[in-house]
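Below, read A as the first sequence line, B as the second, and so on, with proteins coming before strands; counting in each chain starts at 1. All values reported here derive from a predicted model rather than from experimental measurement.
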Amino acid sequence: MPELPEVEVVARQLREVLVGQVAGAVHVHHPDVFQPQAKLNRRSLRGTSCVGVRRRSKLLILDFSSDLVVTVHLRMTGHLWISPSAEVRPAHTHVCLELQRGRELRFRDPRRFGRVGLLPAENLADDSYIRRLGPEPFDLTVDDLANRLAARTGTIKGTLLDQSVVAGLGNIYVDEILHRVGVHPEQVANRLLSREIEALSSAMVDVLTEAIAVGGSSIRDYLGLSQEPGSFQDRHRVFGRSGLPCRQCGQAIAKRKVAGRGTHFCPFCQRLRRRKPRPRRSVTVRGTL
DNA sequence: TCTAACCTGATC
DNA sequence: GATCAGGTTAGA
């Protein structure tokens, strides 16, 4: 469900309610979902207080006074919220962290792709997910982006989804960003023009910033901490709009599979430049004349 | 660099 | 019943 903007929104909300809270035990209702590092267990956080909440790419990082961190990856359908401990747990609630005053932080995830980790803060940099991440879109310079694209022979869509190139983009935002810059999702990444790379670089920041400001996109599952949806889906130009008129040119938005993902684009505003312009057949006739 | 697999639930 | 879903990753 969530990409960078949605995770950022949740991180900000969590920061408000969690910092200063003393943790109790962790209750695990599905063992696959909670993954503490060696020597740590569901009681390791007990009595320590939350001192900060961060986000790196799509990963939430909760810092505790014990120099332990809890990591949460929501993947497709994960959701966090604060609930009275006495309240009945909805189906698929896999992990609960006791807080003060009879409340707990709950993690629910029907598809069970999401993960809750517990590890020493000093080990965070070695985490296999974090280690592979490229820069945050907000820290990515045009030159760096250009260099990264230059090495890529796949589609721009697949390349931007690759978290080692840029961290935090997912299916929605890649489609939205590519439409803004008028680049076809199947364009080969290392064939983008420099003006397109410049536009791409700023569109990334613009789209993500706008989305964060309105609480992210809620398509089917995503809800913030207090179950409130975001509203960026109302501003989508292509994602979820196949068959509807392009807001820019009126042509019907197309949808097809690119890089294994449902991909939305405007066939008119986002033209595919095939390979190199075909070398024009030589007009000069050798030998004769 | 691409695909299949991991899961469940919603929709066609 | 088949297909699709906002993510990631092992393996081809």
Side-chain angles (χ1 to χ4, degrees), chain A residues 1-11 29-35 55-60 71-80 90-95 107-117 127-134 137 148-179 185-191 207-208 211-212 214-224 229-243 255-265:
Chain A
M1 87 162 97
E3 303 179 28
L4 186 154
E6 291 75 33
V7 178
E8 176 63 25
V9 168
V10 173
H29 307 285
H30 196 107
D32 293 354
V33 178
F34 182 60
Q35 301 185 327
R55 174 193 63 74
R56 169 71 169 114
S57 189
K58 301 169 190 169
L59 189 72
L60 286 161
T71 58
V72 181
H73 201 306
L74 303 167
R75 293 282 186 103
M76 298 280 266
T77 50
H79 178 225
L80 284 171
H92 311 295
T93 304
H94 306 305
V95 180
F107 176 73
R108 180 181 118 92
D109 183 8
R111 292 178 78 174
R112 239 185 296 134
F113 289 169
R115 290 291 176 267
V116 177
D127 178 86
S128 63
Y129 175 77
I130 289 191
R131 227 179 10 186
R132 284 194 268 259
L133 293 175
R148 287 164 182 273
L149 296 186
R152 293 302 189 122
T153 57
T155 62
I156 186 66
K157 166 94 188 211
T159 303
L160 293 178
L161 285 174
D162 185 334
Q163 303 294 297
S164 70
V165 175
V166 204
L169 302 182
N171 207 29
I172 295 178
Y173 293 99
V174 168
D175 283 4
E176 290 299 315
I177 290 165
L178 288 177
H179 180 266
E186 287 174 307
Q187 189 67 53
V188 173
N190 66 9
R191 289 221 141 86
V207 170
L208 297 173
I212 292 168
V214 298
S217 301
S218 293
I219 302 296
R220 70 169 53 79
D221 293 312
Y222 170 75
L223 294 171
S231 69
F232 194 69
Q233 67 281 3
D234 301 338
R235 305 192 192 189
H236 286 178
R237 299 190 187 181
V238 287
F239 194 91
R241 298 192 68 246
S242 59
K255 182 176 180 185
R256 80 167 67 136
K257 192 163 270 199
V258 180
R261 316 294 303 276
T263 297
H264 313 70
F265 64 101

Do A/Leu160 and A/Leu178 make a side-chain contact, defined as non-hydrogen atoms from C-beta onward lying under 4.5 Å apart?
yes

Pairwise P distance for C/dT8 and B/dA10, with rounding to whole Å:
23 Å

Separation of B/dT1 atom C1' from A/Glu186 atom CD, nearest Å, is 15 Å

When you check the phosphate oxygens OP1 and OP2 of C/dG7, does a side-chain N or O of A/Arg261 lie under 4.0 Å from one of them?
yes

Whole-Å distance between C/dT8 P and A/Arg131 CZ?
16 Å

What is the distance, to the nearest angstrom, from the CZ atom on A/Arg56 to the P atom on C/dG7?
16 Å

Given a 3.5 Å cut-off on both pairing distances, which stems involving DNA chain B, each at least three consecutive Watson-Crick or G-U pairs, are present, if any?
B:1-6 with C:7-12, B:8-12 with C:1-5

Ignoring the backbone of A/Tyr129, work out which of C/dG7, B/dT1, C/dT8 is nearest its side chain.
C/dT8

Could you give the CD-to-P distance, from A/Gln35 to C/dT9, as a whole number of Å?
11 Å

Rounded off to whole Å, could you give me the NZ-to-C1' distance for the A/Lys58 and C/dG7 pair?
6 Å

Are any of the side-chain heavy atoms of A/Arg112 and A/Val33 separated by less than 4.5 Å?
yes

Letter per nucleotide, 5' to 3', of nucleotides 7-12 of chain B [B base touched, S only sugar-phosphate touched, - untouched; heavy atoms, 4.0 Å]
BBS---

Just one of A/His30, A/His73, A/His79, A/His94 clears the side-chain contact (heavy atoms from CB on, under 4.5 Å) bar with A/Asp109, so which one?
A/His94

Can you tell me if A/Gln163 touches the phosphate of C/dG7, counting only side-chain N or O atoms and a distance under 4.0 Å to OP1 or OP2?
no

Base, sugar-phosphate, or nothing for A/Arg115, non-hydrogen atoms under 4.0 angstrom?
nothing

Distance-minimising heavy-atom pair for A/Lys58 and A/Leu4:
CG-N, 4.2 Å

Just say parallel, tilted or perpendicular for the rings of A/His264 and A/Phe239, cut-offs at 30° and 60°.
tilted

Without decimals, in angstroms, what is the distance between A/Leu161 CG and C/dT8 P?
9 Å

With sugar-phosphate meaning primed atoms plus P, OP1 and OP2, does A/Gly158 contact a base, only sugar-phosphate, or nothing at under 4.0 Å between heavy atoms?
nothing

Pick base, sugar-phosphate or nothing for A/Lys257, based on heavy-atom distances below 4.0 Å to the nucleic acid.
nothing

Do you know the tightest heavy-atom contact between A/Arg152 and A/Asp162?
NH2-OD2, 2.9 Å

Looking for any heavy atom pair under 4.0 Å, which part of the strands does A/Ser128 touch: base, sugar-phosphate only, or nothing?
nothing

Testing the basics here: between A/Leu74 and A/Pro2, what is the closest heavy-atom pair and its distance to 0.1 Å?
CB-CG, 3.4 Å

To the nearest angstrom, how far is A/Arg152 atom CZ from B/dT1 atom C1'?
8 Å

Starting at CG of A/Leu59 and ending at C1' of C/dT8, how long is that distance when rounded to a whole Å?
12 Å

Is there a side-chain contact between A/Lys157 and A/Asp175 in this structure, where contact means two heavy atoms from C-beta onward sitting under 4.5 Å apart?
yes

Run the salt-bridge test on A/Asp32 and A/Arg115 with the 4.0 Å N-O cut-off and return the result as yes or no.
no

Scan A/Gly170 against the nucleic acid and name what it touches under 4.0 Å (heavy atoms): base, sugar-phosphate only, or nothing.
sugar-phosphate

Decide whether A/Glu6 and A/Tyr173 meet the rule of one side-chain donor and one side-chain acceptor closer than 3.5 Å.
yes

Tell me whether the side-chain N/O atoms of A/His73 come closer than 4.0 Å to OP1 or OP2 in C/dT8.
yes

